[in-house]
Structure formats: structure tokens, C-alpha cells
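Remarks on the structure that follows.
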Amino acid sequence: MSKAHEVTAWIDLNIIDKSWAKSLTKEFDEKKAKYLVESMPVPNTITWSITNVANNIDEEFVSQLLLLMTTEQFFQFVSVCNTNKNNILDLFQTINNKYNSKKAITIVIIGVNSSLSLSKLLTRSSIIKSNDLDNIYLDLQLQFNCIIKYAENEHDLATLILSFTKAITVAPEKRLKNLSPFTFHVDTMKQYKAIRVDIDQPNKTLESLWKQILQQFQHMGIEQAQAIVNQYGTIQGLVQAYKQCQTENEAKLLLADIQVRRGAGVLTTTRKIGPQMSEKIWKLFTSTDGNDLL
């Protein structure tokens, strides 16, 4: 079966020349991930393109972009931003203008594995302080929706870039799945087999159908569905139980404390259905508003 689309990582030439990226192309080759090394519009950036192979549509660049900085470059960036907050906006606008599109930017700091490790590199003589880093993190994330990632060494960097590549590769299928207006419908999801009604085993068939209906809820596993079915063997039984509740809140939480068992023997674990899932099921079977969201 041929692939419906191909994803290519576009890696700036300046990155490959650095010592901390010498194994990047090797790891891409080992994972058989497609990449191109080019002089990108903005130095030290990585972005991706998707080519729709099935429909023979030319490549389109995605919004994701990585901007790589060493710790020294990031400290310098923080220092410049301290003098004028508009410098952050200028950087992002420059990137968007150079690429002729709005990019979702992730800054990758090379040489450390966390913000704490980065702070430890600051000395008393440093022109910036720890609170300057905290302020920049807040500005980047809250005002510009920019994410900070860390790569302590070349292996971490390659792993990070490959993880972005994988996420972008599976994104089209996820979008198609989420676009379906009826995600609970068997034919739409293409992951549940239709139940064949056997007239010799009506009770067993109805129980299987009841469990399958419950499993249409996101994050509803077979153990959770079975636990509910053990307590309320039919939909009618559950609806009747809702009607007997004294308050709406009692009905919402009717299923919350049902115990779910997983595993066997010493490996057995238990958990509860929980209030959120309980409320979703209550709303499905009791709501009279067709516009209600689960």
C-alpha cells in the first residue's frame, strides 16, 4: 500500500555545519525519514513540507518551525529583549515574513536539558538573571504561543526533530478523523466491526452491543465498559436508574464510583469511572437538547 503523503524536513545548512548536529542526518537516514539540507530563509531553522502523493498535489509547507539557539545565543536574545520587548515581536514577524506564512515557532535551546540547567549557567557577573529568563518564558508562551524545548546533546536534538517529523506525518490522518461529524458512528471510525445479530444468543448480542456503544466515548476502554455493563446490564436499566436519582448532580455522578479492574492476580489494579466520564454518559442518555456537546 503506497503512502498518501510524504513529509520532508527542511534543515538549514548552518545547522548541519555545527558540531552538535553532526549525527542528525545519520539518524534521519537510519529512520528512513526524508530531509533536505538547504540554505533556509532564516538561519538555524527547520520546517517541514507535505506532498500529497495520492492526489499528485505539490508540496505545501506546514506551520511548524524550529528555531535552534545555543545557550549563549539564547542569553543574548534575552538580553536584547530586556532592553526592548518589541524585539521579540520583531523576531517573529521577521520569520513569518521570510517564510511568507505564519509559523508556530518552537525555540530549541542546545546544550541543556531543562530550564533549571539553563539557570545554573548564569553567574553573578551575568548581564541577565534568573528572573529575566522567567519573564522571557512567560512572554514567549503567553503572548506569542511559542514553546521552549531543550536538547542537551546531538542525540537529544535528533530525537526531538524526528519526533516533530513523526507528529507532522500522522497529522493529516488525525485531522480527517476529527473532521467527522459523527465520530461515534461505526462506519465513520472504520475501527469497529459491525455486530452480527445471532437470534440464538440475544442476551449476549445485546450485551456486546451495549459495551460497544459505551466504547464510542473517547478514552473508554473495554474494562470500563464492562464495569458499567456489570452494574447496568441494559441501556433501559441505566436510564431508569437516572430517573430514580433525586437530583441532577446525583444523576451526573451515578457512574463515577464504579470500580474498574484491570489485570489479574498480583498485577490487578483498580480505578473508578470518574466524574467526567460519568457526566458524559448521563448527558448522552438524558439530554433533550440536540446541540448539547459531550
Side-chain angles (χ1 to χ4, degrees), residues 1-5 7 54 147 163-294:
M1 181 177 177
S2 60
K3 293 188 293 184
H5 62 272
V7 171
I147 301 171
S163 70
F164 269 83
T165 305
K166 181 179 179 180
I168 291 167
T169 301
V170 301
E173 283 80 7
K174 286 188 174 181
R175 278 197 296 270
L176 286 174
K177 181 178 177 180
N178 293 333
L179 280 174
S180 169
F182 303 110
T183 55
F184 54 82
H185 192 276
V186 173
D187 291 336
T188 302
M189 294 297 287
K190 299 296 184 184
Q191 60 179 336
Y192 298 108
K193 294 181 179 179
I195 294 177
R196 182 175 64 86
V197 177
D198 189 341
I199 59 174
D200 293 329
Q201 295 180 307
N203 292 334
K204 184 176 181 181
T205 301
L206 290 174
E207 180 180 312
S208 299
L209 178 60
W210 180 205
K211 283 191 291 187
Q212 184 165 307
I213 290 172
L214 288 169
Q215 288 179 77
Q216 307 308 309
F217 287 95
Q218 191 174 16
H219 307 307
M220 171 68 76
I222 189 169
E223 296 94 348
Q224 292 170 292
Q226 185 64 60
I228 294 173
V229 171
N230 290 343
Q231 192 81 18
Y232 301 98
T234 64
I235 297 177
Q236 185 179 15
L238 178 59
V239 172
Q240 289 299 322
Y242 284 137
K243 290 180 179 179
Q244 293 173 10
C245 292
Q246 299 298 313
T247 64
E248 182 178 284
N249 192 58
E250 181 185 349
K252 287 181 181 179
L253 300 178
L254 181 66
L255 308 179
D257 291 330
I258 291 179
Q259 295 286 332
V260 180
R261 294 184 177 275
R262 290 182 175 176
V266 295
L267 299 178
T268 300
T269 59
T270 60
R271 55 175 296 184
K272 295 180 179 180
I273 294 296
Q276 290 183 335
M277 182 64 72
S278 178
E279 183 174 350
K280 286 182 179 180
I281 297 172
W282 163 81
K283 184 176 290 187
L284 176 66
F285 291 112
T286 63
S287 177
T288 57
D289 182 358
N291 293 319
D292 252 351
L293 298 177
L294 295 180

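Remark: Ile222 CD1 to Gln212 CD distance equals 10.0 Å, nearest 0.5 Å. A distance of 6.5 Å separates NZ of Lys280 from NE2 of His219, quoted to the nearest 0.5 Å. Interatomic distance, CG of Leu284 versus CG of Leu214, reported as 9.0 Å (0.5 Å rounding). Atoms OG and CD1, on Ser208 and Ile213 in that order, are 11.0 Å from each other to the nearest 0.5 Å.
When the side chain to side chain contact (heavy atoms under 4.5 Å, CB included) test is applied to Lys166, no partner is found at least two apart in sequence or on another chain. In this structure Ser278 satisfies the side-chain hydrogen bond (donor to acceptor under 3.5 Å, both in side chains) test with no other residue, sequence neighbours excluded.
Shortest non-hydrogen contact noted between Met277 and Gln218 is CE-O, 3.4 Å. Looking at every heavy atom in both residues, Gln259 comes nearest to Ala227 through O-CB, 3.5 Å. Residues Ala225 and Met220 come closest through the heavy atom pair N-SD, 3.6 Å.
Within the structure, salt bridge (charged side-chain N to carboxylate O under 4.0 Å, His left out) contacts touching residues 228-238 (residues at least two apart or in different chains) do not occur.
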Compile the donor-acceptor pairs under 3.5 Å between side chains in residues 228-241 and protein atoms, sequence neighbours left out, one pair per line.
residue : atom : partner : partner atom : Å
Asn230  : OD1  : Gln226  : NE2          : 2.8
Asn230  : ND2  : Gln226  : O            : 3.3
Thr234  : OG1  : Gly237  : N            : 3.0

Distance-only criterion, 3.5 Å: show the donor-acceptor pairs between side-chain atoms of residues 243-253 and protein atoms not counting sequence neighbours.
residue : atom : partner : partner atom : Å
Thr247  : OG1  : Glu250  : N            : 3.1
Glu248  : OE2  : Lys252  : NZ           : 3.4
Glu250  : OE1  : Gln246  : N            : 2.9

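Inter-residue side-chain proximity for Ile281 and Tyr242 is flagged as met; some heavy-atom pair is nearer than 4.5 Å.
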